**Q** 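Next up is a structure, given as structure tokens.
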Amino acid sequence: MHNFFAKKRITAFLFILVLVTFSVLNIIQSFGPIQKTLASADYNYAEAKALIHELDDDINEHVFDKFGFVEAYGYMQSLMWKNEENNFEVVKDMEGKLHYTYFATGPTDTKDLSDRVAALGAHLDPKTKLTYVMTPDKYVRGYTQFPEGIPYNYNNETADGFLANLKQDGIDTVDLREGLLESGIPAKDLFFTTDHHWKIKTAFWAFGQLVNHLDGMYDKPLDPDHYFTNLTNYNVVPYQDIFIGSQGRKAGKYFAGDDDFDLIYPKFKTDYSFYFKTGETEATLNGRFEDALLTTYPLNVQGATYDLTADKYFTYLYGNQGIVHVVNKDKPNGLKVLFIKDSLAVPMISFLSTVVSEIYLIDPRYYTGDIMDFASKTDLDHVFVSISPQDLVDEFFPYRSKD
């Protein structure tokens, strides 16, 4: 009997010791972020709920060895042959690629969003053309299949309705979902396994499709000799087993593995100026394509597999910035264009810079100015709106008619 209670006391002591140890480690880990949030907080009753939410985020984001727990959980899910994590936030398709999804009963009505694009077009100078570029969803119709019981979000059907509304309003559109399976890129290689973005070679193919479309709209072709849209004129540097994308960061590498990454940049001579500004951060870089438009930091960072700074997709144009201005100094008399875009379009726009004179990029999530005023007051030949099917929501269309 004495040994029985001794074992109970030792077990209880060890349990409390583990709890106290993890509590102390978590306090140390999240102390700095909590202190920063409290220092910048607006202390009034109306903001109390938002402050509590921020503090909760700080604690959740800075749990001690967070990704060790994520990996352990993902590994256990794999052992049980599960195809979903975190209440279906991330699911696995039949070939093992990860997807964001949710339960839905049909496509979302996006008439208000297409009306906003039409209002943008009406606000532009009459000489400025407007095109909507629909990038593909990771659920590729005719190829992707989900296991039984995995929900489908109707992103493609929502995009169909959105494009139909734009066409009714007479707005030019490019649907990059068309021809995707005939691109010459194997269907399994169109998108990353652990990330929601398309691979860089898919973005390069899309660049060629966009140039073909523009050549039908202008008297002077952008690439008459098909030199700039030929991949053989670019360096393709493969990095193997190096990338864990946004979906992989939620599930862990033992749930879906990791990805290879191809860095593509011109072999030919280039000369650029690149300016970006997000919040109070701004910078200007000059030089060749690979010096001005690329950062190799995500490819070289060590020991931070799941950190955002290690996101390989941000190699191009330094990721998502509030506003970007790219000047191709070798083409002073080319087109001047604006992209209102989300992240999927970034590498495609990088390659488009080889055949135009200037490109402005605005990310609606981080740009604090008036997008319609900027578009109407800037000397532009063409305005593109490129928001992916999964992002057809209010946040990406913060403009509308003022009537």
Side-chain angles (χ1 to χ4, degrees), residues 1-41 43 45 47-94 96-103 146-151 192-196 241-259 301-311:
M1 185 59 75
H2 176 74
N3 288 340
F4 175 77
F5 285 110
K7 289 178 182 177
K8 291 281 187 184
R9 282 194 291 272
I10 291 172
T11 302
F13 173 77
L14 291 175
F15 179 70
I16 292 170
L17 180 64
V18 169
L19 281 182
V20 171
T21 301
F22 270 98
S23 297
V24 171
L25 290 171
N26 282 325
I27 290 171
I28 294 172
Q29 189 91 354
S30 57
F31 181 76
I34 290 174
Q35 193 177 36
K36 188 176 178 181
T37 298
L38 292 175
S40 61
Y43 290 95
Y45 182 76
E47 299 295 329
K49 189 174 180 180
L51 176 59
I52 293 170
H53 185 70
E54 282 188 57
L55 292 172
D56 186 55
D57 285 345
D58 288 337
I59 294 169
N60 288 328
E61 288 299 317
H62 296 88
V63 170
F64 177 75
D65 199 20
K66 173 182 175 180
F67 289 107
F69 289 107
V70 170
E71 287 180 348
Y73 180 69
Y75 184 62
M76 293 301 296
Q77 296 290 91
S78 294
L79 288 179
M80 293 187 288
W81 292 24
K82 297 287 289 289
N83 293 307
E84 61 87 15
E85 279 219 357
N86 199 18
N87 196 24
F88 296 99
E89 181 185 14
V90 176
V91 302
K92 192 185 288 185
D93 67 20
M94 293 291 280
K97 288 189 178 298
L98 301 182
H99 295 255
Y100 291 129
T101 193
Y102 50 84
F103 288 91
F146 282 156
E148 187 176 354
I150 296 298
F192 292 108
T193 294
T194 66
D195 197 65
H196 59 292
D241 303 326
I242 193 174
F243 183 28
I244 294 180
S246 62
Q247 294 158 335
R249 290 196 290 272
K250 292 181 178 294
K253 60 186 177 184
Y254 299 119
F255 186 68
D258 48 25
D259 277 294
V301 65
Q302 301 289 329
T305 306
Y306 295 102
D307 197 282
L308 269 179
T309 59
D311 193 318

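It should be emphasised that the depicted structure is a prediction, and the values quoted were computed from it without experimental measurement. Count residues from 1 along the sequence.
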**Q** Over all heavy atoms of both residues, which pair between G74 and E85 is shortest? Give the atoms and the distance, please.
**A** CA-OE2, 3.0 Å
**Q** Within a reach of under 6.0 Å around OH of Y102, are more than 12 heavy atoms found that belong to other residues, nucleotides or ligands?
**A** yes
**Q** So F103 and F88, do their side chains get closer than 4.5 Å, heavy atoms only?
**A** yes
**Q** What residues form a ring-ring contact (aromatic ring centres under 6.0 Å, His included) with F31, not counting sequence neighbours?
**A** none
**Q** After noting the C-alpha distance and the side-chain angles of F146 and K92, does the key distance pass the side chain to side chain contact (heavy atoms under 4.5 Å, CB included) rule?
**A** CA-CA 7 Å; F146 282 156; K92 192 185 288 185; over 6 Å; no
**Q** When you look at D258 and T193, which way does the side chain to side chain contact (heavy atoms under 4.5 Å, CB included) test go after all the steps?
**A** CA-CA 7 Å; D258 48 25; T193 294; over 6 Å; no
**Q** Under the salt bridge (charged side-chain N to carboxylate O under 4.0 Å, His left out) rule, collect the residues that match up with K36, sequence neighbours excluded.
**A** none
**Q** Mind listing the closest non-hydrogen atom pair of G257 and T194 along with its distance?
**A** O-CG2, 3.4 Å
**Q** Is any side-chain heavy atom of V18 closer than 4.5 Å to one of L14?
**A** no
**Q** E84 and V90: side chain to side chain contact (heavy atoms under 4.5 Å, CB included), yes or no, with the steps?
**A** CA-CA 6 Å; E84 61 87 15; V90 176; over 6 Å; no
**Q** I need the minimum non-hydrogen distance between G96 and A256, along with the two atoms involved.
**A** O-CB, 4.1 Å
**Q** Hey, could you give me the OH/OG distance between Y254 and S78, rounded to the nearest 0.5 Å?
**A** 11.0 Å
**Q** To the nearest 0.5 Å, tell me how far S40 OG sits from E54 CD.
**A** 6.5 Å
**Q** Can you list the residues that meet the salt bridge (charged side-chain N to carboxylate O under 4.0 Å, His left out) rule with D311, with sequence neighbours excluded?
**A** R249
**Q** Enumerate donor-acceptor pairs with a distance under 3.5 Å from any side-chain N or O in residues 21-28 to protein atoms, sequence neighbours excluded.
**A**
residue, atom, partner, partner atom, Å
T21, OG1, L17, O, 2.7
S23, OG, L19, O, 2.8
N26, OD1, F64, N, 2.6
N26, ND2, F22, O, 3.1

**Q** Counting only pairs under 3.5 Å, give me each side-chain donor-acceptor contact of residues 65-73, with atom names and distances, residues two or more places apart or in other chains.
**A**
residue, atom, partner, partner atom, Å
K66, NZ, E61, OE1, 3.3
E71, OE2, Y306, OH, 2.6

**Q** With a 6.0 Å cut-off on the ring centroids, do F192 and F243 count as close?
**A** yes
**Q** Is any side-chain heavy atom of L51 closer than 4.5 Å to a side-chain heavy atom of T37?
**A** yes
**Q** Can D58 and S30 be counted as having a side-chain donor-acceptor contact under 3.5 angstrom?
**A** no
**Q** For side chain to side chain contact (heavy atoms under 4.5 Å, CB included), just list the numbers for V91 and L98, CA-CA rounded to whole Å, side-chain angles, deciding distance to a tenth of an Å, and then say yes or no.
**A** CA-CA 6 Å; V91 302; L98 301 182; over 6 Å; no
**Q** List the residues meeting salt bridge (charged side-chain N to carboxylate O under 4.0 Å, His left out) with K250, not counting sequence neighbours, and say none if there are none.
**A** E89
**Q** First locate atom CG of N83, then atom CD of E148, and finally report the distance between them rounded to the nearest 0.5 Å.
**A** 11.5 Å
**Q** Within the 4.5 Å heavy-atom criterion, are H196 and Y100 side-chain neighbours or not?
**A** yes
**Q** Where do Q29 and P33 come nearest, in terms of heavy atoms and distance?
**A** O-CD, 3.9 Å
**Q** For the atom pair CG (D56) and CD1 (I34), what is the distance rounded to the nearest 0.5 Å?
**A** 10.0 Å
**Q** Between D195 and D259, what is the shortest heavy-atom contact and its length?
**A** N-OD2, 4.3 Å
